[in-house]
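For reference, the structure is listed below as structure tokens.
Each chain gets a letter, A, B and so on, in the order its sequence line appears, and its residues count up from 1.
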Amino acid sequence: MWVRLRSFVGGLARRARVERDLADEIEFHVRARAEHWERQGLLPPEAARKARLEFGAVEGYKERCREARGLRLIDELRGDLGYGLRQMRAAPMFTAIAVGILAIAVGANTAVFSVIEAALWRMLPVERPEELRELAWTARQDGFSGWYNGSMRPYPGGGLIATSFAYPVYAHVRDNSTAFADLFLFDRNDRINIGVAGQAHVVPGLLVSGSFFRGLGVEMAIGRPIVPEDDRAGTPPVAVLSYRCWQRLFGGNPSALGQTITVNSAPAVVIGVTPPGFYGVEPGRPIDLVVPITAILPAFYDDMPDILRSSRHWGFRVMGRLKPGVTDEEAQTETEALVRQALPVNPGQDERYDLTDVLVNAGGQGLDALRRNYARPLWLLMGIAGAILLIACANIAGLLLTRATSRQREISIRLAVGAGRARLVRQLLTESFLLACVGGGLGIGLAFVVRDRLLPLLNLVQEPLEVTLGLNLWLLAFSIGLCLAVGVLCGILPALRATRANVAPMLARAMPSGSASGSRLFAGKTLIALQVALSVVLLVGAGLFVGTLVNLRSEALGFRPEHVLLFDMDAALSGYEGTRLHDFYERALERVSAAPGVRAASMSQYGLLEGGGRTEDIVVSGAPRGRAKMHVHVLFVAPRFFETMGIPLLVGRDFTSSDREAAPRVALGNQTLARRLPGGRSPVGRRIRYGEPPDGDTEIIGMVADARFATLREPSPPILYLPYRQHQHHRMTFAMRAAGAPAALASAIRQTLAELDPNVPLLNVMTQNEQINRSVQQERTFAQLVSGFAALAVLLACLGIYGTLAYSVARRTSEIGLRMALGARPWNIVQLVLRESLIPVVMGAVLGLAGAIASTRLVESMLFGLTPHDAPTFLIATLALVGSALLAAWLPSRRAARVDPMSALRCE
Amino acid sequence: MPPRADLLPGTLDLLILKSVSLGTLHGYGVLLRIEQITGGALLVEQGALYPALFRLEHRGLLQSEWGVSENNRRAKYYRLTAAGRRALRAETESWNRLTAAMAAALRTRTGEV
């Protein structure tokens, strides 16, 4: 086998020499033979002739020699490729269209797939990621209360699953585990204020236990990693920067090592920089800073100094690296036992610790929040891109089919002189592969050129997706596979059809007709029906998404978003706390209100429609037992918030600057809250308890109109508004109503606030309308992408209809001429041609509607204000498609009606 | 000249291997050697020799190199490889078995069955 391969490859590589040698060898033989005959007494010319005669057909034997070395296949392929290239050059228009269509289709697929690969499949860029495990646990639906404050989500097996742990529980498992080589803990914080050379920056980061980098298996680009010795209370804090953060803040200068930066105003020494590809433990959400949790604790949890000793704060995530040879079952059994040991022995009345199972999940891909949020929309996009590819293939197959007709004579002749059908199919397939490779190659190139602009397009959830799209084996395999599939899909049907020709009648007549081309027309119509069907599905999808977006945007907001500018501030990160924090915000608000062009300004803990919020239980005084408790949304606001946002105050009064720390506790409610208050009287003057007594006794002093709060999709929840100075909090969203264009205010406000304290940066500066657009980001993305794809699909389908009909009209010119000569009117001819296109279009539309009915259920959860079977959408989509199809059919039918009977008959 | 018989299929390869096993030869030399060792009784199509030589070389049974012929021309010489030697032995044995069986079969007379 090896010998043959070497001989084959050798023959391939030194092709010219092999040819020369072969010729020389035969020449030598013939000469020697001729000399033999000369010695026998023949004259030289006679001897040479005899020698050649004896040898036989030189070229035939040469060919068999090549074949013996397996070179014939290559020769044929080379011939086919050359032939295919000549064919492509001979029809530049056809080639350009086909290559363009394929480039767009393959490009779209490669682009979407590259995001899927990066976001859903890629392993963490660490050593042996398959050994990593993430700890989780499950509980019954009602199996926990006050003691747990991590996040939980429904578990497929029933109950809830949680992925965070209390520090003492983690420490106990870490110290006693025999299954894990390393068990490390981390806590993500999206807003860490770091100060470098007097400049404040807000970066996302991780608070980690000491063995984080050792357990994860990450080598530093420069410097050293955080080690367990760094993670002790009282140790001077150290910090590790991400590569991009190092580039951005230090210009990539190695002198960054050893420098002191501030981390939430605590000094920390930079000791290392992670490698360029490292993004933390969560794909799509890269971090810029890693600090040891125990050493840095006071800078983060000043209000919870005992958080690492508390078994009530279940807020930390835990990953570990399994020892070699330990199975998941062993690790799980041991870890569960250790977790149970670590639970407090005598929990209080409110603290039920019935956790059902401890799970040891695969962690090699990192945390799975991104995969959970993105998997569905991404696969949906992949499906749409796949539909586009199918349409493109059907389209090009149709074009090839039409073109094969003009080559019918050539093919018939070749079949007649004995070319094998398989050989011809192979040749025709080579041509479609050539098209697929050129178009696909262009598309892949296109995908990589636009990939950086692609990610913002794919902001499917509010949180932006930050992944590095790379060229790797997965992607390469996908792209090559795609091109091959396209080659076969486009080429096989036309190739089989073209070579099925009945040789004799084809040769007999210049103009092909009869059963063979009739069946080719049938094939062409099937392809059209397929394209129409897929286009209808995409059109319906586009209609549903656009309708959803329109419905969402036309929801009554309950406030006036025009002219409003927003930004966030978190002065707590810069060391402000308690009354100083409130004072800072008050001074900032005074400055913002006084800025030129600002009509009104206020602030709230979360912006409207930002998606954030907090919910609390309140107790209504004087209500019957059992009905006193209410679950409400809570929003801390400054005075004039309702005026600034344009929310009408219905009863009572707004907060004033005298609603401060020492003043009596007050609150406002919205209409929904007032409606749900037990007793049903006017809310003003009623008392509730919010938070712990004795502080919590609060009087409701007014009622405002309902406004959308966290999302456009849901009506206003009951909201309790509280004056920000009477409660503890960190961040604030400032809102100001401008006299003119809101965005124009930004720079002046930035400046006046920098004068107040340059260490407190402004974050997320945007207008309220931009904020609203962001809250419907996924809907917008889908509406845009699917509409674009649907338009492309319709365009392709129309091209296909036009091409096939134009061919059919050309083929029937003489028949049409005859009909006209016999008295048919132009209108009859138009009808004749239109009717021909009608059948595949109607078939395709019916098929497409069925497909749409079946598939739109998949996106039901993404829709708003219409059902997946929304009748107007279906109707409009169908009409739009049939209309475009008729238009595409109209052009060839008009040409048919203009046929001059005399010249048409003469050309026969 | 004795009457010539057509070659049985498959025998050409065996004849080439045998010829080359007697000494390194160029293509024309193989032809002469076959004529010589068969006493000219077998008819070899001259051109057919070369695809067979290529096939055997491709299978690794022969090795070739360019050399100079007795009348000072460049010629390609074939030599038997170790694999070729083994193949020749195996093919010879199976050929002998076949001919023996055929001969025995053809010797059979009526009554002996």
What option among Ala48(B), Ala75(B), Gly27(B) has the most heavy-atom pairs under 4.5 Å with chain A?
Ala48(B)

Kindly indicate, with the supporting measurements, whether the criterion side-chain contact (heavy atoms from CB on, under 4.5 Å) is fulfilled by Leu435(A) and Cys490(A).
CA-CA 9 Å; Leu435(A) 275 181; Cys490(A) 293; over 6 Å; no

Under 4.5 Å to a heavy atom of chain B? For Phe28(A) that would be side chain

Heaviest contributor of heavy-atom pairs below 4.5 Å to chain B, chosen from Arg31(A), Glu54(A), Lys62(A), Arg33(A), is Arg33(A)

Does any part of the side chain of Tyr78(B), heavy atoms only, come nearer than 4.5 Å to the side chain of Glu57(B), both counted from C-beta?
yes

If you count heavy-atom pairs within less than 4.5 Å of chain B, which of Gly60(A), Ala57(A), Ala32(A), Gly56(A) leads?
Ala32(A)

In this structure, CG of Leu80(B) is separated from OG1 of Thr24(B) (nearest 0.5 Å) by 9.0 Å

Heavy-atom cut-off 4.5 Å, strictly under: side chain, backbone, both or neither for Leu56(B) against chain A?
neither

Gap separating the NZ atom of Lys50(A) from the CD atom of Gln40(A), nearest 0.5 angstrom:
10.0 Å

Per-residue contact mode, Ala52(B) against chain A (heavy atom under 4.5 angstrom)
neither

Using ring centroids (six-membered ring only for Trp), state whether Tyr50(B) and Tyr61(A) fall under 6.0 Å.
no

Okay, Glu27(A) and chain B: the region with an atom under 4.5 Å from a heavy atom over there is neither

Below 4.5 Å, heavy atoms only, C-beta onward: do Leu49(B) and Gln46(B) meet side chain to side chain?
no

